[in-house]
Protein chains: 2
Amino acid sequence: MFRQDAVLDLAFQALADPSRRAMVDRLAQGPASVSELAKPLAMSLPAVMQHLAVLEASGLVKSRKVGRVRTCSIEPHALSRAEHWIAERRALWERRLDRLGQFLDETKGD
Amino acid sequence: MFRQDAVLDLAFQALADPSRRAMVDRLAQGPASVSELAKPLAMSLPAVMQHLAVLEASGLVKSRKVGRVRTCSIEPHALSRAEHWIAERRALWERRLDRLGQFLDETKGD
DNA sequence: TCTATACTTAAGTAGAAACTTAAGTGATGA
DNA sequence: TCATCACTTAAGTTTCTACTTAAGTATAGA
């Protein structure tokens with residue numbers, strides 16, 4: 001549906017805010033309601049809802065409403081995608097450094 | 001110096017933009033000058049400089065000027081920190097799912 | 001020395017982001 | 001039934017972002 005790129009935009013954008021990371025942090029320990037997520041944050045409930053909307057739009061979090069309570073939980077696949085994007089670039093760079101070091105070692109004796 | 005949190009703010013914020021991710025992607029293959037980074041991007045050079053400034057402020061990229069050429073390169077530690085923040089939360093969640101599955105398996109026979 | 005190259009600085013603008021308050025809606029429990 | 005709880009919607013404000021163009025500065029090469 002979307003450019004893979006756009007998915008990462010949304011994920012990293014979502015993780016860029018400390019309140020949203022606090023929410024993800026909380027959810028990593030298990031599902032929580034909107035008010036539970038809001039409790040430690042120094043902001044209005046609508047503000048928390050907006051953060052939640054950003055997290056859901058990014059795919060990092062899903063939620064379901066039962067009765068009057070909305071329960072939120074982590075979507076590990078989306079976390080995984082962001083994590084792997086970084087890991088791949090870092091691995092590429094580090095492999096490069098290894099090859100460079102190996103080259104220097106090999107030519108040192110010449 | 002900074003809240004660890006603020007470091008992650010800057011890193012994820014930096015990675016949230018596709019042009020900046022393209023720059024990191026390019027740099028993962030080895031150092032590059034500002035103009036090399038700019039070439040594939042459809043924007044003015046000052047715009048690229050501003051993206052570079054964001055990347056440097058986040059610690060993801062370092063640069064050094066020699067003569068009139070500024071050479072940029074990846075800072076793998078900063079990438080690593082962002083990567084691990086995600087990995088830890090995901091691991092926590094997945095361990096929770098495992099315990100839950102185990103619990104369900106164990107009680108299934110009752 | 002003169003000109004082109006490779007950035008760099010400054011200033012301005014449109015649109016997005018992160019809140020706020022006020023006013024709902026629909027479930028729950030006494 | 002009716003107050004309370006748990007959100008939800010709407011609208012407005014302030015701040016930040018991602019650009020732009022125009023005008024520099026310093027180095028390199030002819």
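Chain letters run A, B, ... following the sequence lines, proteins first and then strands; every chain starts at 1.
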Check your understanding: Residues in side chain to side chain donor-acceptor pair (under 3.5 Å) with Arg26(A), at least two apart?
Key -> none
Review point. Does Arg70(B) have any salt bridge (Lys or Arg N to Asp or Glu O under 4.0 Å) partners at least two apart in sequence or in another chain, and if so, which?
Key: none
Review point. For DNA chain D, whose closest nucleotide is more 5', that of Thr71(A) or that of Gln13(A)?
Key: Thr71(A)
Point to revise | Partner set under side chain to side chain contact (heavy atoms under 4.5 Å, CB included) for Arg68(B), not counting sequence neighbours | key: none
Study note, to complete from the structure: note: Leu41(A), atom CG; dC19(C), atom C1'; distance rounded to Å ~ 13 Å
Review point. Which distance, rounded to the nearest 0.5 Å, do you find between the CG of Leu92(B) and the CZ of Arg90(B)?
Key: 12.0 Å
Revision key, fill the gap. Residues at least two apart in sequence or cross-chain that pass salt bridge (Lys or Arg N to Asp or Glu O under 4.0 Å) with Arg89(A), listed by chain then number, are Asp25(B)
Check your understanding: Is there a residue in residues 14-33 of chain A whose heavy atoms reach under 4.0 Å of DNA chain C, and which residues are they?
Key -> Asp17(A), Arg20(A)
**Study point:** Leu45(B) CG to dT25(D) P, straight-line distance once rounded to whole Å
**Key:** 17 Å
**Study point:** By salt bridge (Lys or Arg N to Asp or Glu O under 4.0 Å) - contacts of Arg21(A) (at least two apart)
**Key:** Asp5(B), Asp9(B)
Practice item. Using heavy atoms and a sub-4.0 Å distance, could you list which residues of residues 62-69 of chain B are near DNA chain D? By number, please. Key: Gly67(B), Arg68(B)
Practice item. Ignoring backbone atoms, establish whether His51(A) has a side-chain N or O less than 4.0 Å from OP1 or OP2 of dA17(C). Key: no
Show me, pair by pair, the donor-acceptor contacts under 3.5 angstrom made by side chains of residues 41-52 of chain B, not counting sequence neighbours?
unit_1   : atom_1 : unit_2   : atom_2 : d
Ser44(B) : OG     : Ala47(B) : N      : 3.4
His51(B) : ND1    : Arg20(B) : NH1    : 3.1

Practice item. Report the residues that fulfil salt bridge (Lys or Arg N to Asp or Glu O under 4.0 Å) with Glu88(A), sequence neighbours left out, ordered by chain and then residue number. Key: none
Exercise for review: Please list, chain by chain and in numerical order, all residues satisfying side chain to side chain donor-acceptor pair (under 3.5 Å) with Glu56(B), sequence neighbours excluded.
Suggested key: Ser63(B)
Exercise for review: Apply side chain to side chain contact (heavy atoms under 4.5 Å, CB included) to Arg64(B) and list each qualifying residue two or more places apart in sequence or on a separate chain.
Suggested key: none
Check your understanding: Has Ser44(B) got a side-chain N or O lying under 4.0 Å from the OP1 or OP2 atom of dT20(D)?
Key -> yes
Review point. Atom CG in Leu37(A), atom OG in Ser19(A): separation rounded to 0.5 Å?
Key: 11.5 Å
**Study point:** Atom-pair distance (CG on Leu55(B); P on dA18(D)), nearest Å
**Key:** 10 Å
Exercise for review: Check the distance between dA6(C)'s P and Glu36(B)'s CD and give it to me in whole angstrom.
Suggested key: 10 Å
N/O-N/O pairs, protein side and nucleotides 9-15 of chain D side, under 3.5 Å:
none

Exercise for review: Please state how far atom CZ in Arg70(B) lies from atom P in dT25(D), giving the value in whole angstrom units.
Suggested key: 17 Å
